[in-house]
Colleague: 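Structure incoming, see below.
Hydrogens, waters and symmetry mates are skipped; everything else that's a heavy atom, side chains included, is used. This chain uses plain numbering: 1 for the first residue, then up along the sequence.
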Amino acid sequence: MTDQNSTLFKGKASKRLHVMAKPIGAACNIDCQYCYYLSKKELLNYKKGCSPKMDDETLELYIRQYIENQNTPEIVFSWQGGEPTMLGIPYFKKIVKLQKKYKPAGVTISNDLQTNGTLLNDEWCRFLKANNFLVGLSLDGPEHLHNIYRKNRAGRGTFHKVMAAVDLLHKYKVQFATLTCINNVTSCQPLEVYRFLRDVVRSPQIQFIPIVEQKTFRTTAPQHWNKGDIPLLGSVDLIPNIEDSVMEPWSVAAESWGNFLCTVFDEWVQKDVGRVFVQYFEASVETWMGRTNPLCTLGSVCGKGLAMEPTGDVYSCDHYVYPEYNIGNIKENDLGELAYSAQQEAFGRDKALSLTEQCKNCDYLFACFGECPKNRFTRSSTGEEGHNYLCAGWHRFFKHIDPYMAQILKQMSFSIKHGFYR
């Protein structure tokens, strides 16, 4: 899917695409218990000779095609994993060199790097600062919460190494955002998590990620359960938990997700509006202004966030890295052809076409659009299949913030800031 609008650059309608490139695939130096991606190693190695590292030829091909298929003033590369810093600084120096080689005049190239932070040191931070990288740092809260699931391969918590990375990022003034997974434990401590990120970490941008995972999703492609396996959900204000035998134990319950967001929002709206950037809250303000939600999970269509593995294989979405969602390989088809293909277009449009009647009649459809399709595996209040697991939580949150939105819009002159549209 492309972001087509009327903005003109060099006399052409704006064309933008986004790919989450995984140059080291699922390889990682730590072993987070809830990581949905580590289980992809077996799936991604089905091709004989598949390496966890993107080779030089594929890397250059990707960078060239990614740049050639966009004509906006800024082109943003996103590097994820696994743990991309395992590739080392020389690999990323090569990336920067290739970007300069293919960069058109008048275009700015930017980079995002998602990391667990455990390998960051002074040399890394000097490189990241010098090349203006935006770092997404995974940190789940204070030590006793972070270390529950985020452990190294020896079973020890990673908290102290991540906090050392925080200190280095501040020391070298590297742009960074914290990515905090809200699971069955962190969801029960909303203020402790938020205040830690705000006051101790001094996070410039706070992003919360709900952990939702079915046991059946570990090694197989997403699919609707059989009717007999889909729990019948109650009213939108009270949806019972999914059976423990079906969901992974670290998954956040829908009610807990809603409570987490509402509790943190109350603290934010009283003390931190215009001072602390919380991604979901800022995106909601934008939505209540009548603008398009900048987050794909809450937008009317999806398919704008492609994923590419070290082999050059491209998938419809980072959460759909399964054989049936492989839309091609950049060695065989141009990246632009894959991104703008009928198959990918259909994938993106299906989000709106597959809404349940409960979603279609919801007062907050404009703010959610049924949320991420990967979470649509429950039944609606009337028994319709394909309803979102987190619906009760999202509905509670939107209903809770609704009265505040007019007040916020009156009090603040909302602007695009902190790299929100990076």
Side-chain angles (χ1 to χ4, degrees), residues 18 20 74 76-80 83-85 92 108-122 124-143 145-146 150 158-182 186 190-210 260-261 264-286 293-298 408 412-422:
H18 183 242
M20 288 173 278
E74 181 184 32
V76 181
F77 284 83
S78 294
W79 306 100
Q80 301 189 8
E83 179 47 49
T85 60
F92 279 87
T108 299
I109 301 290
S110 300
N111 289 278
D112 300 336
L113 174 69
Q114 185 172 322
T115 177
N116 59 44
T118 60
L119 299 179
L120 294 184
N121 54 24
D122 290 270
W124 259 112
C125 288
R126 283 193 290 267
F127 168 81
L128 295 169
K129 176 62 177 178
N131 293 281
N132 198 33
F133 272 64
L134 173 65
V135 174
L137 181 69
S138 296
L139 177 58
D140 286 356
E143 183 174 5
L145 297 177
H146 176 91
R150 299 191 66 83
T158 59
F159 177 80
H160 291 295
K161 285 192 173 183
V162 179
M163 288 305 294
V166 169
D167 292 340
L168 286 169
L169 292 170
H170 280 300
K171 174 183 176 181
Y172 288 96
K173 295 181 173 55
V174 177
Q175 298 182 76
F176 76 96
T178 48
L179 282 61
T180 302
C181 292
I182 307 306
T186 52
L191 289 181
E192 183 176 9
V193 170
Y194 176 63
R195 290 169 180 170
F196 172 77
L197 296 171
R198 180 191 65 191
D199 302 332
V200 179
V201 177
R202 294 175 290 130
S203 175
Q205 299 184 37
I206 297 174
Q207 299 180 24
F208 297 124
I209 304 170
F260 181 92
L261 290 176
V264 174
F265 179 85
D266 287 347
E267 174 95 352
W268 178 80
V269 80
Q270 292 173 22
K271 302 178 181 180
D272 301 323
V273 174
R275 187 176 71 90
V276 178
F277 182 96
V278 181
Q279 187 184 44
Y280 277 133
F281 303 163
E282 300 281 355
S284 294
V285 172
E286 192 128 338
N293 196 304
L295 305 178
C296 68
T297 55
L298 299 179
I408 290 174
M412 63 183 290
S413 176
F414 186 79
S415 60
I416 309 302
K417 55 187 174 182
H418 302 299
F420 194 70
Y421 275 106
R422 285 184 59 85

Colleague: What are the two closest heavy atoms between Cys125 and Leu168, and how far apart are they?
Modeller: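 Of all heavy-atom pairs spanning Cys125 and Leu168, the closest is SG-CB, 3.6 Å.
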Colleague: For Gly141 versus His146, what's the shortest heavy-atom pair and its separation?
Modeller: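 Closest approach of Gly141 to His146, heavy atoms only: O-CB, 3.5 Å.
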Colleague: With sequence neighbours excluded, tell me which residues meet ring pair (Phe, Tyr, Trp, His ring centres under 6.0 Å) with Phe176.
Modeller: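 Residues passing ring pair (Phe, Tyr, Trp, His ring centres under 6.0 Å) with Phe176: His170.
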Colleague: Can the ring centres of Phe281 and Phe265 be said to be less than 6.0 Å apart?
Modeller: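 Under 6.0 Å, so yes.
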Colleague: Write down the atom of Gly117, the atom of Leu137, and the distance for their closest heavy-atom approach.
Modeller: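 That would be CA-CD1, 3.6 Å.
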Colleague: Distance from Asn111 atom CG to Asn131 atom CG, nearest 0.5 Å?
Modeller: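 The CG atom of Asn131 is 8.0 Å from CG of Asn111, to the nearest 0.5 Å.
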Colleague: Do you know which two heavy atoms are closest between Val269 and Asp266, and how far apart they sit?
Modeller: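 Nearest heavy atoms, Val269 then Asp266: CG1-O, 3.5 Å.
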Colleague: With rounding to the nearest 0.5 Å, note down the distance linking CG in Asn116 to OG in Ser138.
Modeller: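 Going from the CG atom of Asn116 to the OG atom of Ser138 covers 6.5 Å.
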Colleague: According to salt bridge (Lys or Arg N to Asp or Glu O under 4.0 Å), who are the partners of Lys271, at least two apart in sequence or on a separate chain?
Modeller: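 So Lys271 forms a salt bridge (Lys or Arg N to Asp or Glu O under 4.0 Å) with Glu267.
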Colleague: Look up atom CG in Asn293 and atom CD in Glu282, then write down how far apart they are to the nearest 0.5 Å.
Modeller: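 Rounded to the nearest 0.5 Å, the CG-CD separation comes to 12.0 Å.
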Colleague: Would you call Leu145 and Phe196 a side-chain contact if the rule is heavy atoms closer than 4.5 Å?
Modeller: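 Leu145 does not reach Phe196 side chain to side chain.
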Colleague: Angle class for the Phe133/Phe92 ring planes (parallel below 30°, perpendicular above 60°, tilted otherwise)?
Modeller: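 Rings of Phe133 and Phe92: perpendicular, over 60°.
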Colleague: Only counting residues at least two apart or in another chain, list the ones meeting side-chain contact (heavy atoms from CB on, under 4.5 Å) with Asp167.
Modeller: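 Not a single residue meets the side-chain contact (heavy atoms from CB on, under 4.5 Å) criterion with Asp167.
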Colleague: Are the side chains of Val174 and Leu169 in touch, meaning some heavy atoms are under 4.5 Å apart?
Modeller: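 Yes; the side chains approach each other to less than 4.5 Å.
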Colleague: Please name all residues satisfying salt bridge (Lys or Arg N to Asp or Glu O under 4.0 Å) with Lys171, sequence neighbours left out, ordered by chain then number.
Modeller: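 For Lys171, the residues satisfying salt bridge (Lys or Arg N to Asp or Glu O under 4.0 Å) (neighbours in sequence not counted) are Asp122.
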Colleague: How many angstroms lie between CD1 in Ile109 and CG in Asn132, if you round to the nearest 0.5 Å?
Modeller: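 CG of Asn132 is found 12.0 Å from CD1 of Ile109.
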Colleague: Taking only residues two or more places apart in sequence, or in another chain, which ones meet Asp199 in a side-chain contact (heavy atoms from CB on, under 4.5 Å)?
Modeller: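 Asp199 satisfies side-chain contact (heavy atoms from CB on, under 4.5 Å) with Arg195 only.
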Colleague: Passes side chain to side chain contact (heavy atoms under 4.5 Å, CB included), Asp112 versus Trp79? Steps please.
Modeller: CA-CA 6 Å; Asp112 300 336; Trp79 306 100; over 6 Å; no
Colleague: Going through the checks in order, is the side chain to side chain contact (heavy atoms under 4.5 Å, CB included) test met by Met163 and Leu139?
Modeller: CA-CA 9 Å; Met163 288 305 294; Leu139 177 58; 4.1 Å; yes
Colleague: Evaluate side chain to side chain contact (heavy atoms under 4.5 Å, CB included) for Tyr194 paired with Val278, printing each intermediate quantity in order.
Modeller: CA-CA 10 Å; Tyr194 176 63; Val278 181; 3.9 Å; yes
Colleague: Show the nearest heavy-atom pair for residues Thr85 and Thr115, with the distance to one decimal.
Modeller: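 Nearest heavy atoms, Thr85 then Thr115: CG2-OG1, 3.8 Å.
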Colleague: Return yes if some donor-acceptor pair links the side-chain N/O of Lys129 with the main-chain N/O of Lys173 below 3.5 Å, else return no.
Modeller: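 Checked: pair present.
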Colleague: With rounding to the nearest 0.5 Å, note down the distance linking SG in Cys181 to CZ in Arg150.
Modeller: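 The distance works out to 6.0 Å.
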Colleague: With the side chain counted from C-beta on, respond yes when Gln175 and Pro204 share a heavy-atom pair under 4.5 Å apart, and no when they do not.
Modeller: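 No, side chains not in contact.
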Colleague: Should Ser110 and Leu134 count as side-chain neighbours, where that means a heavy-atom distance under 4.5 Å?
Modeller: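 Not in contact.
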Colleague: Kindly indicate, with the supporting measurements, whether the criterion side chain to side chain contact (heavy atoms under 4.5 Å, CB included) is fulfilled by Val135 and Leu128.
Modeller: CA-CA 8 Å; Val135 174; Leu128 295 169; 3.8 Å; yes
Colleague: Which of parallel (below 30°), tilted (30 to 60°) and perpendicular (above 60°) describes Trp124 and Phe127?
Modeller: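 Trp124 and Phe127: perpendicular rings.
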Colleague: So, taking the atom named OG1 in Thr178 and the one named CD1 in Ile206, what distance separates them when rounded to the nearest 0.5 Å?
Modeller: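 The OG1 atom of Thr178 sits 5.0 Å away from the CD1 atom of Ile206.
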Colleague: Kindly write out the residues that satisfy ring pair (Phe, Tyr, Trp, His ring centres under 6.0 Å) with His160, not counting sequence neighbours, or none if the list is empty.
Modeller: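 For His160, no residue satisfies ring pair (Phe, Tyr, Trp, His ring centres under 6.0 Å) once neighbours in sequence are set aside.
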